[in-house]
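Note: hydrogens, waters and symmetry copies are ignored here, and every other heavy atom, side chains too, is used. Remember, predicted model here, so these are calculated numbers, not experimental data. In what follows, every chain begins at residue 1, and chains take the letters A, B, ... in the order their sequences are listed.
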There are 2 protein chains.
Amino acid sequence: MLSNACKYAIRSILYLAINSSEDNKIGVKIIAEELETPQPFLAKLLQQLTRDKLVSSTKGPNGGFYLNEKNLNNAVWDVIISIDGTDKFDNCFLGLAKCDDRNPCPVHFIVSPFKEKILGSFRDKTIEEYVVEIQNTNRVISLKDLDLFEDEGS
Amino acid sequence: MLSNACKYAIRSILYLAINSSEDNKIGVKIIAEELETPQPFLAKLLQQLTRDKLVSSTKGPNGGFYLNEKNLNNAVWDVIISIDGTDKFDNCFLGLAKCDDRNPCPVHFIVSPFKEKILGSFRDKTIEEYVVEIQNTNRVISLKDLDLFEDEGS
DNA sequence: ACCATTAAAGATATTAATATCTTTTACTAT
DNA sequence: ATAGTAAAAGATATTAATATCTTTAATGGT
């Protein structure tokens with residue numbers, strides 16, 4: 001559904017939303033380590049996101065990437081468009097050239113509600129709202145979020 | 001989620017289930033045309049499915065591919081395993097190395113029920129049962145199934 | 001002014017997926 | 001037997017995705 005590139009990009013932007021600010025910029029190296037992604041590849045993606053004004057950056061010492069207020073008000077969907085384009089979501093799960101409610105593939109009515117749901121989430125929530133949800137419900141996006149205790153019980 | 005190869009393979013096997021029989025074998029050429037897939041590529045896939053005993057075939061005149069009773073009792077899931085392997089379904093939607101109920105990515109609880117549902121459908125229903133459902137509910141898998149009337153109303 | 005740091009940009013490399021081509025083998029009908 | 005047909009097998013080609021490398025530009029601290 002999403003390319004690796006796009007997955008990296010989404011997690012990066014959420015990571016920056018949570019951990020960076022105008023006076024706490026974060027370099028690619030850190031982000032790549034924290035998200036376990038290939039560093040130079042991620043650099044390219046962040047470049048792309050920066051060109052599209054989805055993240056902010058400055059060069060030089062204390063430089064790095066961060067999100068400003070405007071960036072925080074974009075949607076995850078904007079990231080997807082920037083990196084993958086819109087196509088991947090439109091395509092039929094079984095590869096039919098034409099698949100819709102009228103001409104549904106055998107799994108159309110399983111896939112379709114899911115797509116609507118996740119697409120809705122990506123499109124209607126801002127990055128900022130995502131962050132609130134992530135924090136309120138202990139969602140994981142990077143290594144440091146991991147709950148490593150396998151067993152809890154007595 | 002599924003590779004093109006796997007999508008072709010699934011539609012092929014459903015197509016054969018519906019249209020072929022021991023004494024009505026179908027050649028790659030026809031199948032490829034009907035499903036709008038690249039012919040030699042599909043040939044490779046059918047070869048693979050044949051090796052794994054998911055479809056049957058004979059060479060020579062009146063030869064071609066078909067499904068026997070045994071083949072009809074496999075699941076779509078077997079096709080997926082044969083072509084893509086199991087991994088694609090296990091992976092996190094946002095690319096987290098570890099993503100489960102305890103360490104969920106931000107969309108885990110949207111994706112997870114969908115995966116269970118579709119995986120269940122692929123695993124628990126036989127090809128034969130799929131065919132019954134396809135026919136009872138007018139599902140589309142090939143060109144000839146298409147309902148081309150765009151508008152119905154008066 | 002100079003140096004170290006870090007992103008930007010452009011070029012290149014690698015890999016995996018997709019697709020095609022060629023030769024061989026099996027089978028059928030005549 | 002022979003010719004024609006169709007899949008099997010193996011080799012090759014193309015493309016897109018992923019990943020890396022190198023050079024350049026901007027910035028900040030000394």
*Can we say A:D90 and A:K88 salt-bridge, meaning some charged N sits less than 4.0 Å from an Asp/Glu carboxylate O?*
no

*Check: B:E133 and B:R139 side chains under 4.5 Å, non-hydrogen atoms*: no

_Expected output is a numbered-order residue list: members of residues 2-33 of chain B with a heavy atom under 4.0 Å from any atom of DNA chain D. What is it?_
B:I26, B:G27, B:V28

_Side chain to side chain, A:F89 and A:D84, heavy atoms closer than 4.5 Å_ = no

*Crowded around A:K117 NZ? As in, over 12 foreign heavy atoms under 6.0 Å?*
no

*For B:D124, salt bridge (Lys or Arg N to Asp or Glu O under 4.0 Å) partners two or more places apart*: none

*Which parts of residues 52-72 of chain B get close to DNA chain C, meaning a heavy atom less than 4.0 angstrom away?*
B:K59, B:G60, B:P61, B:N62

*Would you list the pairs meeting ring pair (Phe, Tyr, Trp, His ring centres under 6.0 Å) in which at least one residue belongs to residues 30-64 of chain A, sequence neighbours left out?*
A:Y8-A:F41

*Report the residues that fulfil side-chain contact (heavy atoms from CB on, under 4.5 Å) with A:S57, sequence neighbours left out, ordered by chain and then residue number.*
A:T50, A:F65

*Taking atom NZ of A:K125 as the centre, does the number of heavy atoms from other residues, nucleotides or ligands within less than 6.0 Å exceed 12?*
yes

_Other residues, nucleotides and ligands only: do more than 12 of their heavy atoms fall within 6.0 Å of NZ on A:K144?_
yes

*asked:* What residues from residues 34-49 of chain B pass a heavy-atom cutoff of under 4.0 Å to DNA chain D?
replied: B:K44, B:Q47

*asked:* Using side chain to side chain contact (heavy atoms under 4.5 Å, CB included), reason through A:F122 and A:Y130 one step at a time and then give a plain yes or no.
replied: CA-CA 9 Å; A:F122 287 155; A:Y130 249 99; 3.4 Å; yes

